[in-house]
Structure formats: C-alpha cells, structure tokens
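First the structure, in the form of structure tokens, and then the observations on it.
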Amino acid sequence: MRTEYVEAVLALVELVPPGAAVAYGDVAELLGSGGARQVGSVMSHHGSGVAWWRVLRANGEAPQGLEAEALQFYVREGTPLLGRYQDFLRTGEGHWRVDLMAARWAPEDGDFDLIDAIAERLERRLHKMSAPDDEMTV
DNA sequence: ATTCTGACTTGCT
DNA sequence: AAGCAAGCCAGAA
C-alpha cells in the first residue's frame, strides 16, 4: 500500500476516541478510497503506533490473532462488549465481541472537518500520481 | 498478464 | 452458532 494511504488511515484512526470503535470497512468508506482489506493490511503492517484495537471486524470481533490483547484495552476503556468476555478473561474460553451497535464511533462537529481534510489530502496525493495523458490512445 | 495473498464482508446453509 | 463461497481492493511475485 502506498504511503499516502497508510498515513491517511493512521490519521483517521487517531480520531477515534477511547471506548469507541470502527470497522475496517468504515475507515475505507470515510477515506473514500480502498476497501476493508486494504485498511486491514495497513493496520497489520503499520498500526502498532496507534490505537489499533479500535479498528476491527464488521461483526465486532477483534483483529485476527490479537483478541486477547485487544480485550484488555476494551475493558480498560469501557468499550461496550457482548458475550462471555469475563469467562475469556479468566479461562481463555468463551466467545465475545465488541457491541459495535453501541460502540461505533459517531464523529462529532469538529471531527467531520478533520475527516474531510484527511480524505481530500489523500485524494489529491493519489491523483497526482496517475496523470492519465491519454495513455490508452497511443 | 496472471496468480496468490491478506488484522475483510456479506449472504446463504 | 458456524462454515462456506464469492466478492472485494491492491500489492507482490
């Protein structure tokens, strides 16, 4: 993934407040570019510096392979959870997930501007690279 | 150009 | 609840 996209994704993720969360697909949608898998890829390779646990699967499951670590953060941040997470904390058994209906980030007044700024900057930087120039007609 | 690979999604059994 | 197939977007080989 190009660095412009990586930066845009990370910048977006930093806007998500503690206790809230968004799905991979949500991030792509807010950026107006790429898809859920691209966002997942970015998080996997470059997400360690941000609150990666606030970006998860559309059904509320934590990022693949990091369930246990993520749960610690959710509990600490008071993120709404569903299922037997307490069992999971004690025994490592039991299914649970984030209650995305309740936890999904609802951007506030100032956030929309920031989101737009990020999306626009990405758009600009992306377009600059292609420069079509009628390539197909040659 | 083709194929493979992912911290993904959605729909159907 | 749990699997599965197909669709998805893009980088890498």
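None of these values were measured; they are calculated from a predicted model.
For B:dA1, the base is anti relative to its sugar; the glycosidic angle deviates from 0 by more than 90°.
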Distances under 3.5 Å between protein N/O atoms and the N/O atoms of nucleotides 5-9 of chain B, please, pair by pair.
{"residue": "B:dG6", "atom": "N9", "partner": "A:R37", "partner atom": "NH2", "Å": "3.4"}
{"residue": "B:dG6", "atom": "N7", "partner": "A:R37", "partner atom": "NH2", "Å": "3.2"}
{"residue": "B:dG6", "atom": "N2", "partner": "A:Q38", "partner atom": "OE1", "Å": "3.4"}
{"residue": "B:dA7", "atom": "OP1", "partner": "A:S44", "partner atom": "OG", "Å": "3.2"}
{"residue": "B:dA7", "atom": "N6", "partner": "A:M43", "partner atom": "O", "Å": "3.4"}
{"residue": "B:dA7", "atom": "N3", "partner": "A:Y24", "partner atom": "OH", "Å": "2.9"}
{"residue": "B:dC8", "atom": "OP1", "partner": "A:R57", "partner atom": "NE", "Å": "3.3"}
{"residue": "B:dC8", "atom": "N3", "partner": "A:R37", "partner atom": "NH1", "Å": "3.1"}
{"residue": "B:dC8", "atom": "N4", "partner": "A:R37", "partner atom": "NH1", "Å": "2.6"}
{"residue": "B:dC8", "atom": "N4", "partner": "A:R37", "partner atom": "NH2", "Å": "3.4"}
{"residue": "B:dT9", "atom": "OP1", "partner": "A:Y24", "partner atom": "N", "Å": "3.2"}
{"residue": "B:dT9", "atom": "OP1", "partner": "A:G25", "partner atom": "N", "Å": "3.3"}
{"residue": "B:dT9", "atom": "OP1", "partner": "A:A58", "partner atom": "N", "Å": "3.3"}
{"residue": "B:dT9", "atom": "OP2", "partner": "A:A58", "partner atom": "N", "Å": "3.1"}

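Cluster annotation: A:F112 is not connected to A:L12 through the hydrophobic network of ILVMFWY side chains, with a link wherever side-chain heavy atoms come within less than 4.5 Å.
For the pair A:W96/A:Y74, a side-chain contact is recorded, criterion being any heavy-atom separation below 4.5 Å from C-beta on.
Considering every non-hydrogen atom in both A:Y5 and A:G34, the closest pair reads OH-CA, 3.6 Å. The nearest pair of heavy atoms linking A:E67 to A:A62 is CA-CB, 4.0 Å.
Heavy-atom neighbours of A:E77 CD from other residues, nucleotides or ligands within 6.0 Å: above the threshold of 12. The environment of CZ in A:R84 is sparse: at most 12 heavy-atom neighbours from other residues, nucleotides or ligands sit within 6.0 Å.
With rounding to the nearest 0.5 angstrom, the CE atom of A:M43 is 10.0 Å from the CG atom of A:L56.
For the P atoms, the distance linking B:dA7 with C:dA13 amounts to 15 Å, nearest Å.
The nearest whole Å value for the distance from the CZ atom in A:R84 to the P atom in C:dA1 is 12 Å. The CG atom of A:L100 sits 15 Å away from the C1' atom of B:dT10 (whole-angstrom rounding).
Listed by chain and residue number, A:R125 satisfy the side chain to side chain donor-acceptor pair (under 3.5 Å) test with A:E7 (two or more places apart in sequence, or in another chain).
At a non-hydrogen distance threshold of 4.0 Å, nothing from residues 91-99 of chain A comes into contact with DNA chain B.
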